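Since the model is a prediction, treat every value here as computed from it, not as a measurement. A note on names: the letters A, B, ... follow the listed sequences, proteins ahead of strands, and every chain is numbered from 1. Below, each value reflects all heavy atoms present in this structure, side chains not excepted, and no hydrogens, waters or symmetry copies.
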Number of protein chains: 2
Amino acid sequence: MSNETEPAPAAHGQPTLKAIADAVGVHVSTVSRALKRDPESPDASKSVRRIHRIAEQMGYRPNLMAAGLRTNRSYTIGVVMPRLTDVVIAQTCEAIEEAATAAGYQILLATPPDEVNAQLQSIQMLASRRIDGLIVSSIHLDRPDMVEEILRAGIPTIAVNRRADGKLHAVTTDDYHGGYLAGEHLVNLGHRRIGIVAGPRHASTAWDRTQGCIEAITSRGIEVDEELIVHTDFEVQGGISGAHRLLNLADPPTAIFAVNDTAAIGVAGAVRDRGLSIPRDISLVGYNDIPLVSQLPVPFTTISSPAAPMGSVALQQLLRGINEGEMSSLKLPVSLIVRASTTVPRQN
Amino acid sequence: MSNETEPAPAAHGQPTLKAIADAVGVHVSTVSRALKRDPESPDASKSVRRIHRIAEQMGYRPNLMAAGLRTNRSYTIGVVMPRLTDVVIAQTCEAIEEAATAAGYQILLATPPDEVNAQLQSIQMLASRRIDGLIVSSIHLDRPDMVEEILRAGIPTIAVNRRADGKLHAVTTDDYHGGYLAGEHLVNLGHRRIGIVAGPRHASTAWDRTQGCIEAITSRGIEVDEELIVHTDFEVQGGISGAHRLLNLADPPTAIFAVNDTAAIGVAGAVRDRGLSIPRDISLVGYNDIPLVSQLPVPFTTISSPAAPMGSVALQQLLRGINEGEMSSLKLPVSLIVRASTTVPRQN
DNA sequence: TTGTAAGCGTTATCAG
DNA sequence: CTGATAACGCTTACAA
């Protein structure tokens, strides 16, 4: 008797398939099927259109948790990105999110500190959400166990920004070549003593840029003293302290390559604080070409690296990994941008 | 006969409660209960410990989608944050994420363009994930329908960064007072013609800072010409074009207040390109005190605003809204940082 | 303390 | 094309 009459109590706020089914007078499975057909299509049946219309009216939003439980697909990508306040990282993150949205995925973001254990813990939490794929931006090169642990989760994973050795695919920019370009530029200008504010050792970005720069210098037959390479962090403060250490040397450099623009800004500040001037006393090369270095009173010579494309390409590769079970590592090209912060060394 | 003997086929990769139950030889419900007791506790029963141990061994990770489906709680917060590449936004986002993680929540991030419809669409997508709460950073002040539409989703929501009128609670910094401090500072130095690079009209941050600055000036009996207020975006380019428009005036300003540091960097670039110098010809006040403006050759006078606290406080309020059904709007204090970019107006 | 069973909202399979 | 039914993995009365 009392059959299919009640408007169906919408569980907890949101209407469900059942609610629509009751409203229309059909079975839930019919609604489910109908809703994944295109109502605009010319061969859409009358009832498909009707179901779409009513669903729309009722403000139906599918419950993706329920769907995911059934299909074993969450359409969710985990992103582990320390240092989000670095413009380059943020650009990459934004690009990942855009590409993911375009592909029908959503982003679960974790921004733990740039430490191995914190990142692994974030990954565990994301794994509990049954993410379909994982993007990790801050692999530590000196901790192969990090990669091991990540792979153990059994989730399609790609590294971005920093590469990983071996089994983990990565989409990066060509940091080695970028470093090479920087070194080559300074050598070509006539510099013979070149300091490197080299960033942290565990980051492949910093490491590769440093090695590339060294290679460019030594391949010209110029020696690179150990003391000319100072390891720091990626922040302004790192640039400041790194510059002071270099300028305190008995035989200080005439040029400094900082492996990222933020540190380069610190270098510039330190140089100024010592009463020296760029580029007259010290030539300076940064890295990344973040938007503001071109607007500084002395615009920086720097390396332009494609942060946003790196993000979208990484997501594309990850999707390939998810859907086709295979992905590739890619290294995106970089280029030298010459501006006012570099010139020939001062003749004493 | 063949009862509870097989090791239980772990559904699709990850072990489930059932798998553990079979391994231990108890029922799933027992496992479920045991796993949410603390095995370290002195009064933890032997079997609780055993179940924890085996779960650990098998690498069990709870399926939060399944749990959420049952409990109607996703332990997930949606964050809609356009302009993630702005350091201030990124700082806020990072703080939200940290606070959320600490509270056992995870972040679903969307970074749509800073447009009403794009943001609303992101919110719809997040709603499908049954997020427990929502944080929106870029309310458009001139679009009250935006707030209406957001509230319609029926999700506990708080605005951050930019306030909203009326029904939507917001955690912001005291932009009006910040603008006031900037204006007051310039007037106190003796400036009478002060230009404002005022950002977009739809952002309460930009708007309030501008209004505060105007109030500070007019309350000293100084008139603010319409032409001295130029609306732009928040980017370097906006600062450049805004500055040029101001400096092209028949009676150009002797000081410029840019409502954010990024635009201020653009202003500084434009001033330099016209052969003028800061602060000799033009005094400049920025806003936010982003890390690098203190390291510039001429460090900026600016307003320091607590971007990270804003994020964590917003999350705390949101949690109150979720758990207790009530939250408050808060306005965090700001302060003036005087550096080298401002001085008394040049005497002609 | 433990097992039983129902149910969260969805999709997939299978009959009609 | 539609309806019935089971299942995804988990939680939670309720009963033993």
I'd like to know if the side chain of Asp145(B) and the backbone of Glu148(B) have a donor-acceptor N/O pair within less than 3.5 Å.
no
Those residues at least two apart in sequence (or on a different chain) that pass ring pair (Phe, Tyr, Trp, His ring centres under 6.0 Å) with Tyr60(A) are none
Could you tell me how far apart Asn72(B) (CG) and dG7(C) (P) are, to the nearest whole angstrom?
16 Å
Take the protein atom CG of Asp22(B) and the nucleotide atom P of dC10(D), then report the distance between them rounded to whole Å.
12 Å
Would you kindly give the NZ-to-C1' distance between Lys18(B) and dA6(D), to the nearest whole Å?
16 Å
Is the shortest distance from a Lys or Arg side-chain nitrogen in Arg83(B) or Glu94(A) to a carboxylate oxygen in the other one below 4.0 Å?
no
For DNA chain C, find the residues of residues 43-50 of chain A with a heavy-atom distance under 4.0 Å and give them by number; none if there aren't any.
none
For His52(B), which residues count as a ring pair (Phe, Tyr, Trp, His ring centres under 6.0 Å) partner, sequence neighbours excluded?
none
Contact string for nucleotides 11-16 of chain C, one letter per nucleotide 5' to 3', B = base within protein heavy-atom range under 4.0 Å, S = sugar-phosphate only, - = neither, reads BBB---
5' priority, DNA chain C, between Leu69(A) and Ala34(B) [closest heavy atom]
Ala34(B)
If you measure from the Lys or Arg side-chain nitrogens to the Asp or Glu carboxylate oxygens, is any gap between Arg143(B) and Asp165(B) under 4.0 Å?
no
Could you state the atom-to-atom distance from OH of Tyr75(A) to C1' of dG9(C) in whole Å?
17 Å
Interatomic distance where CG belongs to Leu35(B) and C1' belongs to dT12(D) [whole Å]
15 Å
Rounded to the nearest angstrom, tell me the gap between atom CZ in Arg129(B) and atom P in dG9(C).
17 Å
Between CZ of Arg73(A) and P of dA7(D) the distance, given in whole Å, is 23 Å
Using the test side-chain contact (heavy atoms from CB on, under 4.5 Å), find all partners of Ser137(A) that sit at least two apart in sequence or belong to another chain.
Met81(A), Pro82(A), Val160(A), Asn161(A)
note: Gln14(B), atom CD; dC8(D), atom C1'; distance rounded to Å ~ 14 Å
Test item: Leu168(A) and Ile158(A) side chains (from C-beta on) under 4.5 Å apart, heavy atoms
no
With sequence neighbours left out, what residues match Arg53(B) under side-chain contact (heavy atoms from CB on, under 4.5 Å)?
Arg50(B), Gln57(B)
So do His169(A) and Gln317(A) actually touch side chain to side chain, heavy atoms under 4.5 Å?
no
